[in-house]
Amino acid sequence: MANSTTLISILMGIFLLFFGAKSDYIAYNNSAKIVLGKLNVHLVPHTHDDVGWLKTVDQYYSGANNSIRGACVQNVLDSVISALLEDENRKFIYVEMAFFQRWWRQQSPKLKEKVKELVNSGQLEFINGGMCMHDEATTHYIDLIDQTTLGHQFIKNEFGQMPRVGWQIDPFGHSAVQAYLLGAEANVTRTKHVMWTMGEDFRYQYANSWFRQMDKFIHYVNLDGRVNALYSTPSIYTNAKYAMNESWPVKTDDYFPYADRVNAYWTGYFTSRPAFKGYVRVTSGYYLAARQLEFLNGRSGSLLKTEKLANALAIAQHHDAVTGTERQHVAADYTMRLHMGYVEAEKVISSSLSSMTNTHGKTETSYEQCPLLNISYCPPSETLLSNGKSLVVVVYNPLGWNREEVIQIPVSIDEVIVQDFKGREVESQLLPVTKSSLSIRNDHLKAYLGKPSDTVIKYWLAFQVSVPPLGFSTYVVSGARAGARSVMSSAFTVQGEVNSTVEIGEGNLKLLYSVDGGKLAQYINRRNSVSAVVEQSYSYYTGFSGTDEDPQASGAYVFRSNGSFSIKSEGKDSLTVMKGPLLDEVHQHPTSWIHQITRVYKGKEHAEIEFTIGPIPIDDGAGKEIVTQIKTTMNTNGTFYTDSNGRDFIKRIRDHRADWDLEVSQAIAGNYYPINVGVYVEDGKKELSVLVDRAIGGSSIMDGQIELMLHRRLLHDDSRGVGEVLNETVCAFDDCKGLVIKGKYFIRIDPIGEGAKWRRSVGQEIYSPLILAFAEQDGDDWMSSHVPTFSGFASSYSLPDNVAIITLQELDNGKVLLRLAHLYETGEDKDLSVMTHVELKKLFPNKNINKVIETSLSANQERAEMEKKKLVWKVEDSSEEETKVMRGGLVDPVELVVELAPMEIRTFLVDLEYIKNSVFNNSTLGKVRN
């Protein structure tokens with residue numbers, strides 16, 4: 001077979017020989033099909049339409065703001081459809097349903113029928129079929145599934161088609177989860193089939209000119225006869241590859257980090273725009289909970305829906321959205337869309353809880369939520385208590401098991417009491433609000449609300465809650481009575497004492513701090529006898545600005561450091577310690593622009609670190625990339641593990657790839673990887689695990705150490721197309737400052753082999769935090785006049801510890817979309833990496849399950865039908881046993897028990913019949929828990 005260079009020479013030589021030979025009309029023969037025995041060149045006409053990047057989604061669709069780029073997706077689709085209708089031999093593929101769906105809704109019924117004929121004939125084929133071509137590094141697997149499902153459902157409903165092939169041509173590296181969950185490993189040049197992709201960004205606005213040249217190309221190449229050129233699609237190409245019955249190599253890891261030249265590692269975008277990355281993660285978990293409550297309360301007839309958030313989240317998964325590689329006005333547009341969707345979903349949650357807590361004949365309660373709790377702002381908890389009224393707090397748990405956690409809300413009085421729904425006092429603790437928190441609160445309220453708060457908060461009220469699976473519990477916060485009130489935290493500051501330590505932790509976990517250095521020094525777990533020397537610190541890399549000889553700068557995409565600098569205290573090292581019955585805190589100020597709170601909860605065996613970073617100073621003319629390091633004395637042999645899209649963990653070895661001999665030109669950036677959920681290291685005796693609350697970049701640059709990049713502010717563009725410096729600011733009136741980022745990460749050390757339980761369970765809790773809703777208590781009989789606690793499951797039932805519900809959603813047709821995910825990999829945990837079972841009858845109590853249909857992951861076809869069409873590829877150097885994937889068995893229609901094998905995700909459409917006179921009027925699932 002000719003190599004690629006020879007092939008190009010042959011084809012272009014043939015084309016140039018005949019091009020322009022005659023000026024008369026020529027009927028070009030472009031009807032070629034696959035010819036066995038010849039080298040077949042598959043021409044795949046396509047456009048790549050970014051769902052936002054240099055322009056917003058709306059601007060790209062309509063062709064607005066062409067001073068930035070002359071791109072109009074509406075013109076692309078108009079022009080392509082016209083060109084396809086002209087010639088039945090032409091083909092075209094399209095990917096981004098966010099654009100196509102919008103175009104489709106604007107077309108006449110007559111044109112829609114013609115387009116359906118193009119789709120049915122195979123001239124127009126939908127590839128990938130999600131709302132966007134999603135990123136593969138900084139996305140969570142639940143979001144990938146959701147955005148793909150949204151697009152696939154549109155294609156099925158309008159065209160009755162199911163996309164068969166993945167098409168990820170622009171993300172900056174490829175993940176293992178994308179490959180095995182949502183893709184197909186087929187664009188390779190073995191056999192006598194070669195694919196030529198004919199298109200790029202926003203091409204085919206003048207489609208006839210493209211097709212005219214390809215018509216000529218096919219005509220003259222095939223006249224020559226040495227090779228065969230044809231219009232094709234990825235599906236035709238994949239089928240042709242499969243028919244050759246070749247054996248193929250298998251790659252089980254991923255393609256990160258990506259570099260397109262020396263010193264140009266695309267690892268900066270793992271962290272770029274950390275506030276937006278955090279907002280995407282928050283709204284993702286919120287969307288999951290909103291769909292659950294929408295179903296539990298009964299979606300039918302409700303005017304409140306979650307579709308707006310679904311669409312905003314889908315677009316946010318685009319490879320120039322959540323990545324942080326878009327221009328600033330585009331990032332603002334993505335954020336606005338998420339906010340508008342959040343507001344809609346907030347109404348769904350409040351309305352659902354109002355209906356579900358209401359008893360017959362009572363006026364429904366109006367609930368408020370506090371989306372700005374991250375800046376210490378929660379009007380209902382601040383104003384009601386200060387006015388002498390009692391505050392009702394309803395706590396919803398989106399997970400399938402009972403949760404006992406400490407929640408915190410801001411209050412303005414110092415004498416309060418918390419009671420559960422039975423009137424029993426709940427242990428609570430008051431912690432003074434720091435000056436740093438108040439400053440952030442005031443600055444951001446001015447920026448986002450245009451005015452400061454009307455109330456002054458003094459404390460965080462912390463109290464323990466216990467919430468049933470897929471359910472809620474109710475608590476009441478009131479002014480204190482004689483002899484009963486929250487415990488005020490003891491607070492003290494220590495500074496500069498040589499050889500002195502401070503211990504925090506009221507439970508099994510103890511952290512020891514060096515007073516002299518003002519840093520964490522030792523980690524001790526008295527339950528399992530784990531003890532380790534640990535240090536946590538901050539530093540920054542200055543961003544390389546580029547030179548005449550080597551212009552590659554650090555920017556939105558590329559991370560390239562120009563030196564590393566430790567962040568040392570600007571004054572004397574000091575620690576402020578707050579201790580109480582529920583939690584202890586250590587407050588640290590390494591600099592004026594970094595504030596950190598380390599929390600140890602009495603009932604938990606991990607440390608929670610809340611960081612506030614910014615504005616990053618740039619008055620020295622240098623951009624900076626802020627990192628934190630957790631250092632131990634563990635001998636980890638250059639090895640660490642990072643998650644792949646929040647699903648499985650992949651082994652990493654510094655400066656090494658299993659597939660090829662690696663030369664790393666940037667020792668730090670070249671060893672950075674995307675982290676969506678967590679990272680860990682081990683040494684044969686212990687495991688150090690760190691979990692995060694959003695997508696970031698990280699590594700283990702030295703043995704025993706984990707490094708996380710938390711924030712970036714840069715002064716140069718990295719020349720990858722965005723043409724804008726990554727220098728985010730927040731403006732209040734005319735005062736603009738660098739972006740302040742607030743987030744959390746979590747640390748735990750376990751005996752070897754025991755860390756997975758914590759990583760998987762707490763990872764779920766971070767993704768799906770408890771939802772808080774607030775109301776004023778109207779009278780003293782609130783609990784007796786409302787439903788105070790509830791679970792969506794049958795009484796006393798919880799999901800197994802190794803299973804999560806990742807989708808519970810009532811569809812427009814009344815069926816319920818249910819996805820269950822096994823959380824563990826094979827061999828990851830001795831107890832939980834096993835086949836497990838979920839009882840559907842207990843998942844849906846008080847309902848008759850008429851029918852359960854297992855479907856593909858995106859729920860667009862029955863699984864049995866999908867399996868019949870699946871191509872089973874021959875694999876090199878692997879036995880049948882090695883390639884066999886463990887799966888759960890068929891669901892018995894009587895027993896209705898679902899089996900899940902390690903890492904398996906199963907999707908079902910469930911047809912339910914609601915039983916009359918159930919607990920909450922018309923549509924709820926479970927039972928009141930007393």
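Residues take their numbers from the sequence shown, with the count starting at 1.
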Could you tell me whether the side chains of N263 and Q666 share a donor-acceptor contact shorter than 3.5 Å? yes

Does the distance from a Lys or Arg side-chain N to an Asp or Glu carboxylate O, for E867 and R863, drop under 4.0 Å? yes

Quick one: are the ring centres of Y672 and F256 less than 6.0 Å apart? no

Would you list the pairs meeting salt bridge (Lys or Arg N to Asp or Glu O under 4.0 Å) in which at least one residue belongs to residues 249-270, sequence neighbours left out? K251-D253, K251-D659, D254-R652, D260-R720

Aromatic ring centroids of W167 and H46 under 6.0 Å? yes

L43 side, atom CG; Q213 side, atom CD - distance, nearest 0.5 Å: 12.5 Å

Carboxylate-amine/guanidinium contact E158 R105, below 4.0 Å: no

Could you tell me whether the side chain of D718 and the main chain of V558 form a donor-acceptor pair under 3.5 Å? yes

I'd like to know whether NZ of K651 has more than 12 heavy-atom contacts from other residues, nucleotides or ligands below 6.0 angstrom. no

Using only atom types and a distance under 3.5 Å, with no angle test, would you say the side chain of Q205 pairs donor to acceptor with the backbone of G70? yes

Taking the inter-plane angle between the rings of F640 and Y673 on a 0 to 90° scale, is it parallel (under 30°), tilted (30 to 60°) or perpendicular (over 60°)? perpendicular

Centroid-to-centroid, Y204 to F211, below 6.0 Å? yes

If you measure only the distance, is there a donor-acceptor pair under 3.5 Å linking the side chains of D78 and W103? yes

By side-chain hydrogen bond (donor to acceptor under 3.5 Å, both in side chains), D49 pairs with (sequence neighbours left out) T47, Y94

In terms of side-chain heavy atoms, does Q59 have a donor or acceptor partner in R69 at a distance below 3.5 Å? no

So, for F100 and F126, is the gap between ring centers shorter than 6.0 Å? yes

Is it the case that the side chains of H48 and E200 hold a donor-acceptor pair, with the cut-off being a distance below 3.5 Å and no angle test? no

Please give me the minimum heavy-atom distance between D693 and I766, naming the atom from each residue. CA-CG2, 3.9 Å

Walk me through whether H822 and E904 qualify under side-chain hydrogen bond (donor to acceptor under 3.5 Å, both in side chains). CA-CA 5 Å; H822 197 300; E904 186 174 22; over 6 Å; no

Assess the side chains of T323 and D135: does a donor N or O sit below 3.5 Å from an acceptor N or O? no

Which residue, Y255, Y258, F270, Y557, forms the ring pair (Phe, Tyr, Trp, His ring centres under 6.0 Å) with F172? Y557

Answer yes when R337 and D58 have at least one side-chain N-carboxylate O distance shorter than 4.0 Å, and no when they do not. yes

Got a salt bridge between E825 and R647, using NZ or NE/NH1/NH2 to carboxylate O under 4.0 Å? no

Please tell me whether R281 and T138 have a donor and an acceptor in their side chains that are separated by less than 3.5 angstrom. no

Listed once per pair and sorted, the salt bridge (Lys or Arg N to Asp or Glu O under 4.0 Å) pairs that draw on residues 313-325, sequence neighbours left out: none

Would H42 and H193 count as a close aromatic pair, with their ring centres under 6.0 Å? yes

Please assess Y265 against F559 for the test ring-ring contact (aromatic ring centres under 6.0 Å, His included), listing each intermediate value before the final yes or no. CA-CA 6 Å; Y265 290 90; F559 166 34; 9.5 Å; no

Verify, without hydrogens or angle tests, whether D717 (side chain) and S719 (backbone) share a donor-acceptor contact under 3.5 angstrom. yes

Of all residues at least two apart in sequence or in a different chain, which pass the side-chain hydrogen bond (donor to acceptor under 3.5 Å, both in side chains) check with E326? none

Distance-only, no hydrogens or angles: does the Q317 side chain make a donor-acceptor pair with backbone N or O of L313 under 3.5 Å? yes

Could you pull out the closest heavy-atom pair between P163 and I155, with the gap in Å? CG-CD1, 3.8 Å

With no hydrogens and no angle check, just 3.5 Å: does a side-chain donor-acceptor pair link H134 and D143? no

For a quick test of reading the model, state the closest non-hydrogen atom pair linking V165 to P234 and the distance between them. CG1-CB, 3.9 Å

Taking the side chain from K91 and the backbone from P45, do they hold a donor-acceptor pair closer than 3.5 Å? no

Strictly by salt bridge (Lys or Arg N to Asp or Glu O under 4.0 Å), give each pair with a member in residues 119-131 just once, sequence neighbours left out. none

Would you say the side-chain atoms of R819 and T807 include a donor-acceptor pair closer than 3.5 Å? yes

Surrounding CD of E246 (heavy atoms of other residues, nucleotides or ligands, distance under 6.0 Å), is the total greater than 12? yes

Check whether any side-chain N or O of T283 sits under 3.5 Å from a backbone N or O of V280 as a donor-acceptor pair, and report yes or no. yes

Cut-off 3.5 Å, side chains only: do Q328 and E724 have a donor facing an acceptor? no

What residues form a side-chain hydrogen bond (donor to acceptor under 3.5 Å, both in side chains) with W210, not counting sequence neighbours? none

If we ignore hydrogens and angles and just use 3.5 Å, is the side chain of N671 paired with the main-chain N or O of D655 as donor and acceptor? yes

Do R712 and S272 have side-chain N/O donor and acceptor atoms under 3.5 Å apart? yes

When you look at CZ of F159, are more than 12 heavy atoms from neighbouring residues, nucleotides or ligands closer to it than 6.0 Å? yes

Under 3.5 Å, is there a donor-acceptor pair between the K156 and Q861 side chains? no

What's the shortest heavy-atom distance between S768 and L288, and which atoms? OG-CD2, 4.1 Å

Main chain of A207, side chain of S79: is a donor-acceptor contact present, judged purely on distance under 3.5 Å? yes

